[in-house]
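The next block holds one structure in the form of structure tokens; read it before the comments.
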Amino acid sequence: MTKAPIRIAILHFAHETVSFLKNDTTTEDFIYQGSPAAGEALLRAYPKSYMGGFVKVAREHDGVELVGIESPLWPKTGTGSGWITKDAWDTYVGKMIRELKARGPFDGVYLCVHGAMAARGVPRPEAELARLVREVVGRNAFIAATFDLHGNEDEEFLKHADMAFTVKYFPHYDEYLQGERAARTLVRAIRGDYKPAHVTIRVPIITATVRQWTGASPWMDLVQRALTWEARETDVYINMFFGFPFADVPDVGMTVQVLTNGRAELASRIGRDMAQAIWRQREALLSRTKVHAIADGVALAKQAVASGATPVVLADHSDRSGYATHLLREIVKQNLSNTLITTLADAKATAAVKASGAKGWRRVRHDGRRPCR
Ligand SMILES: [Zn+2]
């Protein structure tokens, strides 16, 4: 039997906004060679990430047409900029919604977002984008999204969208995988084979990103618990938003979403289990990773060098490593010799290095590779 053709619109709008930075993210910040992107260029924009996985699996299905709606890629400021301006929001979202209207109807929409966007005058940007998309495509279409686990999302997003898929690991090894899942489940939903029934539970915990490595307990245990549920029950997907703390937004912090195939009671049961498991670990989540003050860390490094325990790695995890020079200042102050500084975001200093003809110079690319990975 030939299956009816399916049309899926694809939108991208992503940022991890530190709302405490002084420089807003402006309309111009999203304009550079390749951005905004439309059509095939959008579909090819991030081949190893969510977008690549989504497009790969969507195209494994017969009769699926993907429509790349003109979308801004990651701003050229990377993650080093604050609030998305009202003008940038209105400009890009307005354009996306107009094009969506003009080129419809669609059976499905894929929103490639991050989850920690903060936009002036828009309390929940990703949920608002989903709401506006829903107004255009109607209740019969399905909306699926992929997220970074550093997203700040509450119940609002899945009021408007049907499905969300969030990476489980930090660093985010599974972006491509979540894109694949989003495509497969979206196509199934459109064909009547998956009926999204979900639950969202907020967990009142905020942690600094430096604590969130999933390679060790207690975070690793939570990931394992989610994977176990997904293995035990077919068609279950669990999203754990760790949250992004450097944002003054109403939905900041941890959130669990559970997605099932028409099993609302199961979604609630798993959601409660995950939320309780997280809450039981609340002390460890905040404190298990030992973080040294800068002066103490440099002093420890000096001791280690003196005792021959090299190499020593000083990880300045401000979540925007290299954007600040506090560690460098302390290294100079304590006279810690033979230190290689690998990240430095200082335009004057890097220009001087470049001008000196230093070998191995490489410009930092604004390709969506984010420090939070
Ligand atoms: Zn992240």
Side-chain angles (χ1 to χ4, degrees), residues 12-21 25 45-46 48-54 73-75 77-84 111-119 124-127 129 145-154 157 164-182 203 205-216 218-220 222-223 226 237-249 251-257 278 285-286 289 291 315-323 343 345 364-373:
H12 180 276
F13 199 22
H15 194 230
E16 185 180 75
T17 309
V18 177
S19 71
F20 304 101
L21 289 174
T25 311
Y46 302 106
K48 291 184 177 175
S49 183
Y50 308 97
M51 184 71 82
F54 185 92
L73 302 186
W74 274 77
T77 51
T79 51
S81 58
W83 293 97
I84 306 280
L111 303 178
C112 191
V113 295
H114 177 285
M117 178 179 283
R124 294 166 179 79
E126 292 84 8
L129 181 61
T146 50
F147 283 94
D148 189 292
L149 57 76
H150 290 117
N152 293 315
E153 297 296 328
D154 59 12
F157 185 79
F165 299 85
T166 302
V167 288
K168 284 194 172 54
Y169 302 94
F170 182 31
H172 309 328
Y173 306 121
D174 53 332
E175 294 178 357
Y176 188 90
L177 172 68
Q178 301 305 335
E180 290 184 305
R181 287 177 150 193
V203 187
I205 296 173
I206 302 178
T207 57
T209 51
V210 67
R211 311 256 183 208
Q212 297 170 349
W213 183 44
T214 53
W219 296 92
M220 187 165 70
L222 297 176
V223 173
Y237 299 104
I238 297 172
N239 300 325
M240 254 188 302
F241 287 96
F242 295 2
F244 186 64
F246 309 120
D248 185 12
V249 293
D251 50 2
V252 67
M254 290 191 78
T255 295
V256 176
Q257 293 171 336
I278 293 168
L285 292 170
L286 289 167
T289 307
V291 180
D316 159 23
H317 195 291
S318 53
D319 203 74
R320 298 295 178 266
S321 292
Y323 285 29
T343 60
V364 175
R365 299 180 340 176
H366 297 295
D367 63 355
R369 291 191 166 273
R370 310 181 284 288
C372 76
R373 292 152 74 107

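Atoms within a ligand are numbered from 1 in the order they appear, just like the ligands themselves.
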Quick one: are [X] and [Y] in side-chain contact, heavy atoms under 4.5 Å?
X: Tyr46; Y: Glu175; answer: no
X: His114; Y: Trp74; answer: yes
X: Glu16; Y: His150; answer: yes
X: Thr146; Y: Thr166; answer: no

### Query
Looking at the Zn ion (ligand 1), is one of the N, O or S atoms of His114 less than 2.8 Å from it?
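Coordinating: no.
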
### Task
Return yes when at least one N/O/S atom of Glu16 is nearer than 2.8 Å to the Zn ion (ligand 1), and no when none is.
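No.
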
### Query
Do you know which N/O/S atom name in His150 is closest to the Zn ion (ligand 1)?
ND1

### Task
State, to the nearest 10 degrees, the angle whose vertex is the Zn ion (ligand 1) and whose arms point to NE2 of His172 and OD2 of Asp148.
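It comes to 80°.
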
